[in-house]
Amino acid sequence: MKVFIDQLTKKFGDVIGVEDLTLHIDDGEFVAFLGPSGCGKTTTLLTLAGIYKPTEGEIRFDERVVNRVPPKDRNIGMVFQSYALYPHMTVFQNIAYPLKLKKVAKAVQHERVEQVATTMGIGNLLDRRPGQLSGGQQQRVALGRALVKEPDILLFDEPLSNLDARLRLTMRGEIKHLQKDLGITSIYVTHDQVEAMTMADRIAVMNGGHLQAFDAPDELYSRPKTQFVAGFVGNPPMNFLSVEVSQAEGRYVAQAAGLRLEIGRERGERPASHAGAVVMGIRPEDIQISEDGTVAGEIYIVEPLGREDLIDVRVGRHSFLLLASTETQHHAGERVKLSFDMEKAQFFDPQTEKSLLWRQ
Amino acid sequence: MSAPAKIKTDAPPASIAEDFAEALRLGAFSIIALLLAALLFSGVIGPLFALGSVEETVTDVLSRLALVALPFVAYIAAASVARRCAWTDTPRALGLAFASSLTLFLLISAGHYALDYGVFAPRPSLQMSLSQTADGLRVDALEPGGAADSAGIHVGDVITAIRRDPVDMAAFNLRLSQSEADAPLRLRFLRAGEEMQQTARVVIVSDKQLSALLPGLAVALVFTAVIVFLPGRWAPYIALVGLLTPLLIGYIWVIIATFSFRTEGLIPLDGQDNFGGLTLENWEAIFVGNIAGLEFNIVPILLTSLAIAIIMTLVVLLVSSMAGYALSRMDFPGRRFFLSFTLILHGFPAITLLIPIFIVLLRLGNIPLIGDLIGFNTAGGIALVMVAFQLPLGVWLMKGFFDNIPWDMERSALIDGASRWRAYWQILLPQIRPGLLALGIFAFIGGWNAYIIPATYSIGSGVSNLPVFLNELIDETAPVDWNQVAAVGLFQLIPIFIFFIFAQEYLLNIYAGGAKGSS
Ligand SMILES: Nc1ncnc2c1ncn2[C@@H]1O[C@H](COP(=O)(O)OP(=O)(O)O)[C@@H](O)[C@H]1O
Ligand SMILES: [Mg+2]
């Protein structure tokens, strides 16, 4: 089922939950809503589910406008962060509840619940109550309950954030796999960008109730359209600094105190034509420590991450995070030279925070 | 195995003299503390109340309580030192305990002696010593010129009665101790087989006989020994049993009384004052419908009680849970006002509303059909009023329970396909079962035991419930047969017992289910 969200605004009194959100989701697509806590992800999701009525705007499922349709008539499955299982019911009754409400025949209920439970690997837990299950098992029950009625749309509200890191990794794979198999249009809310990047076909990045970008993960990563997106997507986060970009004799140069970097023509042209300073962004993996680097700095701190070291290098007043292999031992206070891969650098308008390279 | 030995060697063993000194110090501290407390109550707080023209006996009672408790607290304090080695070095513990409690006893007794207090307090006396014989109390010795002597009593007389009341030693002493100075006691006695009587006048003396200390000493030593060896974890139970005993005796009396003709204390007696007289008549009378000439039919009374209690339980549960849900989950104009207003209503004294409600019920009674259901002199009307008084508490209680259910659970139910009503009924209500149960019990017991409102709004009609009937029974029968009153009272308790037995199982079920879940 396709989902169309058009100029959706939801306010709680004066508090803005989400404002002027427009988003079109394709049939069978897996979309992630990514953003910091309080940015309106849950509000949007609950409005889609029919729990909240939109203050303004329109929501359509395929051709049907559902603004006034009660939740029970939307055929949606939802998984909550708290799982929201019914404590007084057994696992079986929990999963069967949506079917019971649909007045599905008892025998069919049994069959479907068994089937879903087997898929979810909880076939042996059907007689237990939620209180007797581990977090991971409760998560599977919640997922089973959302799937059993064969919904048109699946909604996930930070479903993995209460699980430990290992389990989160497994469930991530399972949910993704399941969604691809079933082909159900899914919206997955998370504040964890790794989850969003690995699972989603497209990611809607939100901040302060507004949509910042809606794009495929690698697009967001390599062609961020706003400074917020550039900073929020990617870990460790992108380095930002204010530079002057100028052109002299066909060569483009970004300059800041103690720093002078050459840019290729394609990247340099637009920022150079911008009057005044611009914000330059460069990801940690695009800076290298090397003998023939052009920028001299001093290592301030070295954080071992296991596979590589996260190094904070100070260049004059500026500070850059970068990743270096653990093979060469670096230590704080060491003087190093940095080379920047300027073909990956991003430039933003400091006023509008919009990208100078990629138009929306 | 070596661990206890090690502990012993680690702590430098205090010498027995040091322990003794510590026990005395603790004992002396408690004595001083309690004396100060007694002084505070009778010398400071009491006079303060008196200054404000407040008449009260509480400070006096507390002060005297402190003085009575004083020796025991002192022995406990001293024994606490001996307890440390009670099981490791028993002889030492006993020696320590006895030595310290003996010393404290002597200290306290000396105080009593000096202050004419306790066993040395002046007491009413006839200044003669008696011993119990088969015929009566034989006079063993007289104080020359004392009260008995001047009344013309001789050694060898056998006292049988005071006035017309036959006395044994206990009765004689009781009578004497309750007499005031110069009170005349007419003694009947046998002298050389001949019955005579003489009147002796009570004098107040303080004889300060040291032998009077012996019982106190025995109590002190035994008490201390018990405290030394009493396992610490028994202490709460002993305190509890001590506090509960008066209550338990009350309940036991009610049960015994309902099955006996007459009782003296807890002992059932028959018509001749002999042990026995067990009977089912008190119970039979309830079902026959005739107690001391008052004729009644218990069935309608019982049904009225039940009707009030059940209607009340159902309506209170239904309305409270729905109103609680609305107040917890919905935003509507006037919600805050409603909330604070219910709280005020709850604090409103119901008694002041009796008259206005009376008028309302009278008017309601004039409405055809509805009037027969909820008007004046109907069980429905009574239940309605009682429900109204119970609702504020119920609504608040239920709101609190609903507030504790996570929103997500309700949302989840709605998305699963439930209507709001169904989510309330199938998902939310089961979460607050303990709350419903508690409120239901409150409402049922409140309705079952209701007195003021049924008594007010069912004047002179057939509608009376058990408490009202019980009161009628006391009012309209003379002399009141308390054994039958006890039977009706116990009869009234039976449904409550049954209710509790079932409710308890239910409560246990709820918690055994491990129902808390993830949220
Ligand atoms: N029921 C509500 N009443 C009032 N304000 C709300 C309500 N739900 C959410 N908000 C507000 O709307 C904003 C977005 O919240 P939410 O959608 O829960 O954020 P997220 O899920 O992204 O963390 C927050 O400022 C939050 O305080
Ligand atoms: Mg949220």
Side-chain angles (χ1 to χ4, degrees), chain A residues 12-13 42 45-46 48-52 70-91 93-104 128-139 141-142 145-146 148-149 151 153-155 157-158 162-163, chain B residues 317 321 325-326 328-337 398 401-438 440 503 505-519:
Chain A
F12 305 98
T42 300
L45 214 56
L46 290 176
L48 280 175
I51 301 291
Y52 294 150
K72 69 188 175 74
D73 299 328
R74 295 193 182 202
N75 199 24
I76 279 176
M78 182 157 174
V79 181
F80 291 85
Q81 179 177 1
S82 62
Y83 314 142
L85 299 179
Y86 312 128
H88 58 297
M89 297 183 182
T90 62
V91 168
Q93 290 167 329
N94 263 282
I95 299 179
Y97 192 61
L99 299 180
K100 190 177 145 193
L101 293 175
K102 273 189 168 177
K103 303 205 164 56
V104 173
R128 301 229 199 136
R129 281 177 199 277
Q132 301 162 320
L133 300 180
S134 73
Q137 291 168 333
Q138 293 187 22
Q139 176 64 73
V141 176
R145 186 179 61 184
V148 77
K149 64 175 179 183
I153 302 169
L154 267 175
L155 305 178
D157 192 357
E158 314 208 17
N162 285 351
L163 300 180
Chain B
L317 283 182
S321 60
Y325 174 83
S328 166
R329 289 298 209 233
M330 294 171 172
D331 203 14
F332 52 88
R335 178 173 165 276
R336 285 183 63 88
F337 169 79
M398 289 296 105
F401 273 94
F402 279 115
D403 283 348
N404 281 331
I405 304 177
W407 271 99
D408 277 356
M409 198 182 294
E410 188 175 357
R411 289 174 181 155
S412 173
L414 294 180
I415 292 170
D416 278 350
S419 62
R420 197 144 189 194
W421 172 255
R422 194 187 269 270
Y424 163 79
W425 191 252
Q426 289 185 336
I427 303 297
L428 298 187
L429 275 193
Q431 312 305 319
I432 59 164
R433 268 201 305 222
L436 290 173
L437 189 70
E505 295 250 314
Y506 190 62
L507 265 181
L508 286 179
N509 271 342
I510 288 172
Y511 291 114
K516 203 53 204 131
S518 57
S519 42

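In what follows, every chain begins at residue 1, and chains take the letters A, B, ... in the order their sequences are listed.
Contacts of Ile76(A) with chain B are made by both backbone and side-chain atoms, with heavy-atom separations under 4.5 Å. Residue Leu99(A): no heavy atom, backbone or side chain, is found under 4.5 Å from chain B. For Lys149(A), the part sitting under 4.5 Å from any heavy atom of chain B is the side chain, from C-beta outward, and nothing else. Heavy atoms closer than 4.5 Å to chain A are found nowhere in Glu410(B), neither backbone nor side chain.
A donor-acceptor pair under 3.5 Å is formed between the side chain of Arg145(A) and the backbone N or O of Tyr83(A). Counting only distance, with no hydrogens or angles, the side chain of Tyr325(B) and the backbone of Leu429(B) share no donor-acceptor pair below 3.5 Å.
Residues meeting the side-chain contact (heavy atoms from CB on, under 4.5 Å) test with Ser134(A), sequence neighbours left out: Gln137(A).
Using a 4.5 Å heavy-atom cutoff, the side chains of Val141(A) and Leu133(A) are in contact.
Chain A forms the most heavy-atom pairs under 4.5 Å with one residue out of Ile415(B), Asp331(B), Leu414(B), and that residue is Ile415(B).
Ring geometry, Trp425(B) versus Trp421(B): the interplanar angle falls under 30°, so the pair is classed parallel (tilted spans 30 to 60°).
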